[in-house]
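Here's the structure, in C-alpha cells; my notes come after.
This one's a predicted model, so the numbers in the text were calculated from it and none came from an experiment. For ligands, and for the atoms within them, numbers begin at 1 and follow the listed sequence.
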Amino acid sequence: MKWEGVIKHYRNYLPVTEKTPIVTLLEGNTPLISANNISKEFKGKIKLYLKYEGLNPTASFKDRGMTVAVSCALGRGAKAVMCASTGNTSASAAAYAAAGELKCIVLIPKGAIALGKLSQALLHGAKVIAIEGNFDDALELAKGITSKYPITLVNSLNPDRIEGQKTAAFEICDILETSPNYQAMPVGNAGNITAYWKGYSEYKEKGKIKNLPKILGFQASGSAPIVEGHPIKNPQTIATAIRIGNPARWKEAVEAAENSNGLIEKISDEEILTAYKMLAKREGIFVEPASAISIAGIIKLYKRGYFDSRSSNSHSPIKIVCILTGHGLKDPDIAIKESSQPVVIPPKEEAVLEVAGYK
Ligand SMILES: *Cc1c(COP(=O)(O)O)cnc(C)c1O
C-alpha cells in the first residue's frame, strides 16, 4: 500500500475530520530493524529490535506529533505556532509550519542545542529565539505567551502531539503482528512515553494486541527528575534532547511505567556514549546520544539480571523494542569528538597501505 503519512494511515485513531487540512511530509512507516549483532550479547535470551525514528522527514519522531498538531491547528484557523525546544521539536515545527504556511516561533536554550537541529529550524524559516536559560525556562515562556496570544503551542503539552506520536506503537505491533514484551525509550519532557503507552493501550482495547508491553523509560543521570523524585534546577547531560529538569508529562510517565509493570531508571553519560558507539560500530545505525540511552538501559538491566526471572516460563527469547528517537547527524560534534580523527598522509599508495594495516 502506498504510504501517505501517519494521519491517512491511522485516521480512525486520530482527532481529525474530513475537513481537517492535512499537512504531511509523509512521516512515519519507519523501519523496525533486528539488532542481530548486539542481540548476541544477550545469549539468546533477548531479541532486540530497533525502531529507527531518526528516519522521519526531519530526522526525529517529533514529526509524528507535528503532522497532527499543525494540521489540527490549521483546521482551527491558526496563523502561528510556537514551541520551546531542546532542538528536535523546533526543527519539526519549523518544517511543518513551512509546509502549512504558518508562522513559527521557537524558543531554545542558548548554546544548548545540537548543530543539526539549529540549522533545520533556521533554514525552514522559523523565528528562532535563544533564551538565556534552560529548556524549562523556555517552556514556561511559551506556555505563558500562547495562553494570551493567538498562537498555538506545539510542545507535547498539546494533546494532538501525543495523538500523532502514539502511531509509532501501532506500527511496531503491525509489523511484529503482536506486541513486544518490553519497550525501552528515552524520557525527556515525557510526551513520547505518554504517547506510546496510549497507543498500546488503544490497540489492546481494539483487540489488535493481546498483551501490553512493559515500558522502560530512561533518563540521563544528571537530568533525572522522575528517578530522583524532584525537579532538577540545572539539568546536565551530553544527551541534549533529554536535558529537561521538570517534565511536562511527569505524572503520565510514572503511570505508564507503573501500570505496565515497567520502570524509569537513570543512566550515566558514559553508559550513553558507550551504547551510542556500539550502535554505530556494530549495527551500522547512527543515532543521537539521547536515543542511545534505550540500548544503554537494556544492557544495564540485562547485566543486573532484571530479565532473568521474566523468561523462565518460555523458550522463545523476550522481544524488546528500543526506540531510536533521533538521527545521529543531528549532533555531528559529539560523533567527531567521540571518534579518532582521520590520519593525514602524503598521496602515496605505500602510505595508505601502511595506515590501513596491509604493510
Ligand atoms: C524529544 C526527544 C526525546 C524526548 O522525548 P520526550 O517526549 O520529551 O520525553 C528523546 N530523544 C530525542 C531525539 C528527542 O528529540
Side-chain angles (χ1 to χ4, degrees), residues 27 30 50-66 69 83-93 95 106 108-109 112-114 116-118 120-121 135-136 138-139 154-159 161-166 168-169 183-199 215-220 223-227 235 237-254 256-257 264 267 272 275-276 279 285-297 322-331 334:
E27 60 295 312
T30 57
L50 309 170
K51 180 71 169 159
Y52 197 7
E53 287 288 277
L55 295 188
N56 276 296
T58 77
S60 86
F61 73 83
K62 300 296 199 299
D63 296 343
R64 293 180 185 275
M66 211 54 78
C83 65
S85 180
T86 59
N88 282 331
T89 300
S90 69
S92 187
V106 308
I108 55 171
I113 91 165
K117 306 175 187 182
L118 181 60
Q120 290 175 290
F135 170 83
D136 304 287
L139 183 57
V154 291
N155 278 101
S156 55
L157 283 163
N158 180 330
R161 281 274 312 276
I162 304 298
E163 294 299 312
Q165 284 168 212
K166 78 187 177 189
Q183 182 191 286
M185 66 193 307
V187 176
N189 214 23
N192 214 27
I193 190 170
T194 304
Y196 272 94
W197 183 238
K198 187 163 198 287
I215 306 289
L216 309 171
F218 298 103
Q219 299 195 296
S223 181
I226 299 176
V227 180
T237 168
I238 44 107
T240 51
I242 51 172
R243 189 169 159 188
I244 292 175
N246 192 13
R249 293 201 180 254
W250 186 318
K251 192 173 116 273
E252 291 94 323
V254 171
I264 298 181
I267 302 292
I272 293 173
Y276 170 70
L279 266 172
I285 296 178
F286 191 19
V287 300
E288 62 169 291
S291 308
I293 203 170
S294 308
I295 305 292
C322 285
I323 310 303
L324 305 182
T325 47
H327 201 285
L329 288 172
K330 293 279 193 175
D331 199 348
I334 296 249

Roughly how far, to the nearest 0.5 Å, is [atom2] of [Y] from [atom1] of [X]?
{"X": "Phe61", "Y": "Gln165", "atom1": "CZ", "atom2": "CD", "value": "5.0 Å"}
{"X": "Thr240", "Y": "Asp331", "atom1": "OG1", "atom2": "CG", "value": "5.5 Å"}
{"X": "Asn246", "Y": "Asp136", "atom1": "CG", "atom2": "CG", "value": "5.5 Å"}

ask   = Near ligand 1, which residues have a heavy atom under 4.0 Å away from one of its atoms?
value = Phe61, Lys62, Asn88, Pro186, Val187, Gly188, Asn189, Ala190, Gly191, Asn192, Ala241, Ile242, Glu288, Ala290, Thr325, Gly326
task = Kindly say whether Ser156 contributes a backbone atom to a donor-acceptor pair with the side chain of Arg249 at under 3.5 angstrom?
result = yes
query = Is a donor on one side and an acceptor on the other found under 3.5 Å between the side chain of Ser92 and the backbone of Asn88?
reply = no
remark   = For Ser223 and Ile244, the nearest pair of non-hydrogen atoms, with its separation, is OG-N, 3.1 Å
